[in-house]
Engineer: 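Before I ask anything, here is the structure I am working with.
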Amino acid sequence: MTEKQIDLGIQQLELEFGTGYVKKALENIKKFKIEIPSWIFGNFGGGRFGDYMPPAGARTIEEKLDDAAIVHKLMGASDTVAMHMLWDFSRDGMDSDIEIAQHVNKEAKARGLIVGSISPTYFMRGSQRGSLSSPDDKTQKRYIEQTVLSGVIAREIGSDLVTIWIPDGSLYPGQIELRSAQEKTRAALTEIKNRIDKKVNVLIEYKLFEPGTYSTVVSDWGSAFMLAQQLGENFGVLVDLGHHPHGTNVEQIVARLIGSGIRCGFHFNTRYAADDDHSVEPSGEMARIFYELVSGDVLFNSNAKKNWAYMIDQCSARENRIHAIMHSIDSLQISLARASLLDRQVLQQLQNSDEIILANRYFNSALLNADVRPIIAVARQEKNLPVDPFAAFIQSGYQQKIEMERSK
Ligand code: PSV
Ligand code: MN
């Protein structure tokens, strides 16, 4: 965008939404932080396309951190990196090691980054009959111990946040007792709760299916919410955009969870088929979700305990990973800016007088139709960042450099 386009764009937005709201949107974009996953940068989804990795995919955690650092340098919004216990802190893919986590922490700090949420990895070797609900007590114990260790790592070097996705379920009716799987999971989580420091927040992620195609122990927001409520104050729900049946009104789930008062979190991504883990795109759905987060005051609440945790969970096999994560950050910024423009009093007046279509049109004027790119551009200028991070990335020569280095 040229200076002139930016100026004209801002004027246009001020005319339509008022100077105050444009300023608010700008401030929100400057403040907004999003955690990115270490696993976007490396090999993932083994087997697809014959283990294809886009050119210069990161081979080690150090290379993943190098890539995260350039993203943060260019976009200034993502200094925190989520880690997976068996991908990032393990020698053998079976157990994790706090010494590796300490090493990763040092490497992150050296690049101006912070170790963020810690996810126990329940879906690697030995988990084919489940993790926390495994009928094999030894296997269940191994995953309990891994989770307790993830709590220690989160407390000592992470951001006091553990995110749990339990892949347990079944492929055929009759394969397992549904209630026993639930009970075993609850018992394991109760032991975990008793052994994890209360200062650590634990978010339970739900997912409709995969790998279980017939049943999944924590398949929806309701089952995650029930568990979180039973477990206690430091437990919450993690919403991942790709984990619902098609057509689900995710913003309503967000509204419900905000209303419940429990602290929750988000894994942002886009899906078309199932759990695609694609880059975030600036869709109407994404802006409507941000409207709930902004109006529900769980983004920039002065009481930090009320703010939800925001993470990107993304990784698909074909595209350039650095482009992909930058695209997500940009799309989230666009969605937040749109949601910040809306005058809720105007909307409420329309709602009170039952002007159904006019309320919808006003809602969409910001959430669907506003071109907020000039706001994002000004936010970047004011933070001394490149207005176009994609052009800056291409000009930096970083891609060529890592393609050379990582092909050796
Ligand atoms: C599961 O599909 C998930 O969404 C969980 O968040 C995992 O931690 C992540 O993807 C990586 O497999
Ligand atoms: Mn997820």
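Values below: all heavy atoms of this structure, side chains included; hydrogens, waters and symmetry mates excluded. Order of appearance sets the numbers: ligands from 1, and atoms from 1 within every ligand.
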Engineer: Hey, do the aromatic rings of Tyr143 and Tyr122 have their centres closer than 6.0 Å?
Structural biologist: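 Centroid distance Tyr143-Tyr122: below 6.0 Å, so yes.
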Engineer: What part of His243 sits under 4.0 Å from ligand 1 if we count only heavy atoms: the side chain, the backbone, both or neither?
Structural biologist: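 Answer for His243: side chain.
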Engineer: Which of the numbered atoms in ligand 1 are under 4.0 angstrom from any heavy atom belonging to His84?
Structural biologist: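 In order of number, 7 (C), 8 (O), 11 (C).
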Engineer: Please compare Lys207, His267, Met85, Met311 and report which has the shortest non-hydrogen distance to atom 2 (O) of ligand 1.
Structural biologist: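 Result: the heavy atom closest to atom 2 (O) of ligand 1 is in Lys207.
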Engineer: Would a line drawn from the ring center of His84 to the ring center of Phe123 be shorter than 6.0 Å?
Structural biologist: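 Yes, close enough.
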Engineer: Using a 4.0 Å cut-off to any heavy atom of Phe123, which atoms of ligand 1 qualify?
Structural biologist: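 This gives 12 (O) as the contact atoms.
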Engineer: Nearest N/O/S atom of Asp240 with respect to the Mn ion (ligand 2), by atom name, please.
Structural biologist: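 Nearest to the Mn ion (ligand 2) within Asp240's N, O and S set: OD2.
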Engineer: Do you know which N/O/S atom name in Glu205 is closest to the Mn ion (ligand 2)?
Structural biologist: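 Checking each N, O and S atom of Glu205, the shortest distance to the Mn ion (ligand 2) belongs to OE2.
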Engineer: Can you confirm whether or not the ring centre of Tyr206 sits under 6.0 Å from the ring centre of His244?
Structural biologist: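 Between Tyr206 and His244, the centre distance is under 6.0 Å.
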Engineer: Keeping the roles fixed (side chain from Asn234, backbone from Val200), state whether a donor-acceptor pair exists under 3.5 Å.
Structural biologist: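 Judged by distance alone, yes, a pair lies under 3.5 Å.
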Engineer: Quick check: does Asp277 put an N/O/S atom under 2.8 Å from the Mn ion (ligand 2)?
Structural biologist: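 For Asp277, the answer is no, given that no N, O or S atom comes within less than 2.8 Å of the Mn ion (ligand 2).
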Engineer: Checking Lys207 against Trp165: charged group under 6.0 Å from the ring centre and within 45 degrees of the axis?
Structural biologist: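 Yes, cation above the ring, under 6.0 Å and within 45°.
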Engineer: Can you confirm if the aromatic rings of Phe363 and Tyr291 lie within a centre distance of less than 6.0 Å?
Structural biologist: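 Yes, ring centres under 6.0 Å apart.
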Engineer: Atoms of ligand 1 less than 4.0 Å from Glu205 heavy atoms?
Structural biologist: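 Counting atoms of ligand 1 from 1, those under 4.0 Å from Glu205 are 3 (C), 4 (O), 5 (C), 6 (O).
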Engineer: Are any of the N or O atoms of Asp313 closer than 3.5 Å to those of ligand 1?
Structural biologist: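 Yes; the residue has a nitrogen or oxygen that sits under 3.5 Å from a nitrogen or oxygen of the ligand.
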Engineer: Give, rounded to 10 degrees, the angle between OD2 (Asp313) and ND1 (His267) as seen from the Mn ion (ligand 2).
Structural biologist: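 The OD2/ND1 angle about the Mn ion (ligand 2) sits at 90°.
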Engineer: Kindly give the heavy-atom pair with the smallest separation between Gly236 and Ile262, and that separation in Å.
Structural biologist: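 What the structure gives for the nearest pair is CA-CD1, 4.1 Å.
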Engineer: From the options Asp313, Asp88, Thr163, Thr147, select the one residue that forms a side chain to side chain donor-acceptor pair (under 3.5 Å) with Ser119.
Structural biologist: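 Of Asp313, Asp88, Thr163, Thr147, side chain to side chain donor-acceptor pair (under 3.5 Å) with Ser119 is met by Thr163 alone.
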Engineer: Relative to the heavy atoms of Asp275, which atoms of ligand 1 are at a distance of less than 4.0 Å?
Structural biologist: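 Listed by number with element: 2 (O).
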Engineer: If you measure from each heavy atom of Tyr206 to ligand 1, is any distance below 4.0 Å?
Structural biologist: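 Outside the 4.0 Å threshold, so no.
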